[in-house]
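Everything on this sheet refers to the single structure shown next.
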Amino acid sequence: MRMHERRMEDDMATYTRQDILDLIEEEDIEFIRLQFTDIAGNLKNMATTVDQIEKILDGGCRFDCAAVDGFRGAGYEELFLIPDLDTFVIFPWRPQNGKVARFICDIVKPDGTPFAGDSRYILKKVLAEAKAMGFSLDVGIKNEFFLFDLDENGEPTNHTSEKGGYFDVGPADGGENTRRDMVLYLADMGIEVESSYHLDEPAQHALELSYKDALTMADNIMTTRLVTRTVAKRHGVHATFMPKPRKHVQGSGAHYTFSLRKDGQNLFSDPEDSHGISKQGYQFMAGMLQHIANMTLVNNPIVNSYKRLIPGYLAPIAVGWSFTNSSPLIRLTSIGGDGARIVLRSPDGAANPYLVIASCLAAGLQGIKDGAEPPASMEENVDENPQGNLPRTLHEAVGLFAQDDFLKDVLESHISSHLIRAKEEEWNEYCKQVTLWEKEKYLGTI
């Protein structure tokens, strides 16, 4: 039975060491890639031949941590990659003779303890806390991205001749065939895409991934980014998750949907409530709202993120929530077959999904512990709210995060300190630039 077929039959299927060895032989796999995610949310990997499989499975593959931004630490020069056997899949776009497969890996120090700079470890830690409370978290996501032309040298641009709009079909939807291949490749890798479609702007598209447990979803988001870029290149275009790649257009976000489960039941659902939301659902959302502005550094981690979070382009700017309006920062809904759920609209595709989910889950759980009450809902004016707004710049986001001891404790000092230092440096570097807008605005008049 092929790997993705086994997963489709049983979401709880797990692979043993012998399963992996058998699959490697059955599928004629020659190369193995060991993947992990850095603090900034970039997918990294180390490749080896199948001859090294015993060493891989024993957790003996190591790498120079100084080569990865933010991974250097005191007392160690190398880190080790521990493969998660359940993430073993074949790359469907690679040759069918001498196939290429991958593991997503956890990272440990030489003494075998978890590496605090591993964002996957941070999420697993928070999930363990939820499990101790009897909870598990399911997550869905809408990934938004653009497909732009390449220039004559094969370099990416932010130009397109496509004219498609929301829900258009081909030929107006110039990315129809590209998205189809993305969906098919993801299906081959065991990732179910609930829907795919053209968005509002020319060359802008969406892939909505079906609900999964939180760790699987974070892994799937990283894999989806890889597949999206790989398929786009094979179709002669460039895929970018950049939040605001062009002025005067709506940006691209990554809308996360959360539901908490206990004993297999959606804890956010309550048919006795007028909106179908349980007390724990309101409390979880209230916990998120208490930290969401300070969490913006995690959800929107680059200078360009704040070019999206401005009035007039449908992106959220005010800290608030709504039942009926789809534009606020958080939408609380029980419509549809998934039961009650919380939709967070502020994150973008530059964010590290492990850190986004870990931060939201930790804040939500704290809201349940504290019996937090949410502010009044925003059913009309979604741009102004007495609860305040999200930060307008990366510099402001760094300052808010640095003041939030709760979030810094969730992400632990290694990642928190790195984010504060690295993102302040990024802001300072940005401030040194003289943009085309400034030249056109001031050069001839001052």
Looking only at side chains, do [X] and [Y] share a donor and an acceptor under 3.5 Å apart?
| X | Y | answer |
| --- | --- | --- |
| E162 | H198 | yes |
| T216 | D219 | no |
| Y211 | E194 | no |
| T393 | E396 | no |

Donor-acceptor under 3.5 Å ([X] side chain, [Y] main chain):
| X | Y | answer |
| --- | --- | --- |
| S269 | A340 | yes |
| D173 | G164 | no |
| N428 | E424 | yes |
| D106 | P114 | no |
| R225 | G349 | yes |
| E412 | A116 | no |

Keeping to residues at least two apart or across chains, list the side chain to side chain donor-acceptor pair (under 3.5 Å) pairs with something in residues 33-42.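 The answer is Q35-R102, D38-N42.
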Positive for side chain to side chain contact (heavy atoms under 4.5 Å, CB included) with F145, one of M182, R229, M242: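 When side chain to side chain contact (heavy atoms under 4.5 Å, CB included) is applied between F145 and each of M182, R229, M242, only M182 qualifies.
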Flag yes if more than 12 heavy atoms outside F63 fall under 6.0 Å of its CZ atom; otherwise flag no.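 Yes, because the 6.0 Å sphere around CZ of F63 holds more than 12 heavy atoms from other groups.
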Might you work through the side-chain contact (heavy atoms from CB on, under 4.5 Å) test for T333 and F323, ending with a clear yes or no? CA-CA 6 Å; T333 179; F323 288 116; over 6 Å; no
Identify every side-chain donor-acceptor pair in residues 243-257 under 3.5 Å, counting partners at least two apart or on other chains, and give the distances.
unit_1	atom_1	unit_2	atom_2	d
K244	NZ	V249	O	2.3
R246	NE	N158	O	3.4
S252	OG	Q204	NE2	3.2

Rounded to the nearest 0.5 Å, what's the gap from CG on L34 to NZ on K44? Could you check?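 Rounded to the nearest 0.5 Å, the CG-NZ separation comes out at 15.0 Å.
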Nearest heavy-atom neighbours spanning V126 and L365: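 Heavy-atom minimum between the residues: O-CD1, 4.5 Å.
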